[in-house]
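Worksheet: the structure to be examined is printed underneath.
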Number of protein chains: 2
Amino acid sequence: MREMTLQTIAEEFGVSSATVSNALSGKGRVSADLARRIRARAAEIGYAPSPPARALRTGRTGVIGLVLADLSNPLFPRYARAVDAAAEAAGYGVLIADSHGDVGAQTAALQRLVRRGADGIVVVPRRGTRVLELEVPLAVIDAPSTPGNTICADHRGGGAALAARLLALGHRSLVLVGANRDSNVQRERIGGMAAALAAAGAQARTIWLEDAPAPDFPALAREGATAFLATSDLHALTVLTALQRAGLAVPAQASVAGFDDLAFSAAVSPALTTMAQDVDAVARGALAALSARIAGRAAPPEAAVAMTLIERESTGPAPATPGNL
Amino acid sequence: MREMTLQTIAEEFGVSSATVSNALSGKGRVSADLARRIRARAAEIGYAPSPPARALRTGRTGVIGLVLADLSNPLFPRYARAVDAAAEAAGYGVLIADSHGDVGAQTAALQRLVRRGADGIVVVPRRGTRVLELEVPLAVIDAPSTPGNTICADHRGGGAALAARLLALGHRSLVLVGANRDSNVQRERIGGMAAALAAAGAQARTIWLEDAPAPDFPALAREGATAFLATSDLHALTVLTALQRAGLAVPAQASVAGFDDLAFSAAVSPALTTMAQDVDAVARGALAALSARIAGRAAPPEAAVAMTLIERESTGPAPATPGNL
DNA sequence: CTGTTAGCGCCTTCAT
DNA sequence: ATGAAGGCGCTAACAG
């Protein structure tokens, strides 16, 4: 099958390729009738413009880059899908560049994308990292406390809402579990929970897993903690299984909750209560901001997308006699 | 900062842009001295070729597509990373196209990539799906029983090896847990396990989760099953937590194992024993085959990459008195 | 051996 | 309302 170009169609109609271009783009002045016939013919033979030729001419590739810097981010597939969908809707292709490991690799990934001609880049940066300025428009998805952040879930608000729900269930002695202090996202989630708990006069103790590889969660429960709130379902799962293995009943003796509604969260027993982020909305917001910047328009202001509580089986009323097992 | 092109450098040296191109590529015939000076100058000013211009001229974009059709595939991030790394090593960029849902969407994703000019495509197809022939080279990562498969992990061999290990631990009554019958990968894993078990005269019962949403695993254990082998760590986790919640000790009273070494597998308690695939090796193989096809060379024959048993805490010797709880 | 000419497919003036 | 011309940056095919 012969490759179709504007020239091919132009010859069929005995006109110039410029006229075909005009007819197809609708920009130029072409007689309505001719334009319609040209469009019909183009659709019929499945004409598609050559991306490289167009890119060469216009200086834009129609491709954006996506950098998910933190491999440990279990939302990877959902962000990839969401960004891809939003990009597709805006007429962009999505080039990925996985950045293994450290900040240097993240920077290298960004530069690779620039070299490949990305018109703009969406970055979910590695925790604790600042994305350096580049010659291409950027949209950063991280946390409000991150400099240069473009859009993200409302981690602090989500933390506060989760804490509020546990408070309503009667919990007064809780353990907050984070993994990495240098993650703005985790710090904000913890901060939101701690603030809400403190305001209600409840006891809260925070544990960072990077400090103590294997905290003794069952012991904490025996000492009176009735709820464990982790910054990720991954860590909530760690707590849940540790408690169960020690013979504690969840949620009868202790409640457990996490964040992000990961793939396994509904599949475990008891199913995990979790604070979910609207990945699609965040991705759409990032793409809107990026498109605006690429087009030279002013980007919308920084935004935070509300999180949603998904209440399942792992949370329940605080036991009447905490610690009394 | 002015954009650098071959022409820029050519003018500095008073030669034509073709000469600079020849000097840089090493292909053409340029005096050794001039070539060296040109290369030095290019490096100095950070010259990088324009991908669209090169693509327009050569007809190749230097970009391959990646389709991870099954969102539920928890290996998504690892495949994305591995394919990206292998592609980068081969000088390719990676365009993703996420295909939501059904086979039609998978086909649409492939066609989008073709329209964007992908030189070739790596596909991890949706389960139970045949990838249609396309005008671009393809590399399919699925299972040997899938028509057109290019490379994959040795699912059957992995299944057999996992079963052999449980057999060695003394287990004689096992439950095999799969999710979807239409997945070639799952069927081969189950098949490998079942064959090894049958050959040893052990009892094996297979449960497909799509048949019964919530099988009563604790009851199965009480009836004498001493080991649960799932086709994915995700389902192994479901079994593990169900058992624990019912007060059964793992692995003292029942062993549990899965496949793929997912993110949470080492984090739960007891840590999951799992049969892992070498994602990097598979990705490299896929890229080698794809590169060959793109270059018009004969692709290497279909290959299966050995899987590796990661023995952790969730498996142990069969209890002396199974079912006697 | 050393180098240059021609043109990939598209879009944007500027003439007609 | 349409066409001719030019050139984006690069490299395969030609001259010198």
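Convention: sequence-line order gives letters A, B, ...; per-chain numbering from 1.
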Could you pull out all residues at least two apart from A:Arg37 that satisfy salt bridge (Lys or Arg N to Asp or Glu O under 4.0 Å)?
A:Asp33
Rounded to whole angstroms, how far apart are CZ on A:Arg60 and P on C:dC11?
13 Å
With side-chain hydrogen bond (donor to acceptor under 3.5 Å, both in side chains) as the rule and sequence neighbours excluded, what pairs involving residues 39-53 of chain A come up?
A:Glu12-A:Arg41, A:Arg41-A:Glu44
Using the side chain to side chain contact (heavy atoms under 4.5 Å, CB included) criterion, which residues pair with A:Val185? Sequence neighbours excluded.
A:Asp142, A:Ala143, A:His155, A:Ser183, A:Arg189
Taking atom C1' of C:dG3 as reference, at what distance in whole Å does atom CD of B:Gln7 sit?
14 Å
Are B:Asp84 and A:Arg112 close enough for a salt bridge, meaning some N to O gap below 4.0 Å?
yes
So if I take the C1' atoms of five pairs at each end of the helix from C:dC1-D:dG16 to C:dT16-D:dA1 and get each local axis, what angle do the two axes make, rounded to 10 degrees?
50°
Using atom CG of B:Leu34 as one end and atom C1' of C:dT2 as the other, report the distance to the nearest whole Å.
9 Å
To the nearest angstrom, how far is A:Glu11 atom CD from C:dG9 atom C1'?
13 Å
Output the rounded distance in Å from CG (B:Leu24) to P (D:dC10).
9 Å
In whole Å, what is the span from the CG atom of A:Leu56 to the P atom of D:dG6?
18 Å
Which part of the nucleic acid, if any, lies within reach of B:Ser16 when heavy atoms closer than 4.0 Å are counted: base, sugar-phosphate only, or nothing?
base
I'd like to check the salt bridge (Lys or Arg N to Asp or Glu O under 4.0 Å) partners of A:Arg116; sequence neighbours left out, ordered by chain and number.
none
For A:Asp261, give me all partners under salt bridge (Lys or Arg N to Asp or Glu O under 4.0 Å), at least two apart in sequence or on another chain.
A:Arg312
Could you go through residues 283-305 of chain A and list every donor-acceptor pair under 3.5 Å that involves a side-chain atom there, pairing it with any protein atom two or more places apart or in another chain?
unit_1   : atom_1 : unit_2   : atom_2 : d
A:Ser291 : OG     : A:Leu287 : O      : 2.8
A:Arg293 : NH1    : A:Leu138 : O      : 2.4
A:Glu302 : OE2    : A:Asn149 : ND2    : 3.1

Which residues share a side chain to side chain donor-acceptor pair (under 3.5 Å) with A:Thr150, sequence neighbours left out:
none
Starting from C1' on D:dC10, measure out to CE on B:Met4 and report it in whole angstrom.
15 Å
Which atom pairs link the protein and nucleotides 11-14 of chain D when you take only N or O atoms and keep those under 3.5 Å?
unit_1 : atom_1 : unit_2  : atom_2 : d
D:dT11 : OP1    : B:Arg54 : NE     : 2.7
D:dT11 : OP1    : B:Arg54 : NH2    : 2.9
D:dT11 : OP2    : B:Ser21 : OG     : 3.1
D:dT11 : O2     : B:Arg57 : NH1    : 2.7
D:dA12 : O4'    : B:Arg57 : NH2    : 3.1
D:dC14 : N4     : B:Arg29 : NH2    : 2.9

Determine whether A:Met307 and A:Asp260 make a side-chain contact, defined as any pair of heavy atoms from C-beta on separated by less than 4.5 Å.
yes
Of the listed C:dG9, C:dG3, D:dG3, the closest approach to the B:Val30 side chain comes from C:dG3
Distance in angstrom units between A:Ile9 CD1 and C:dG9 C1', rounded
12 Å
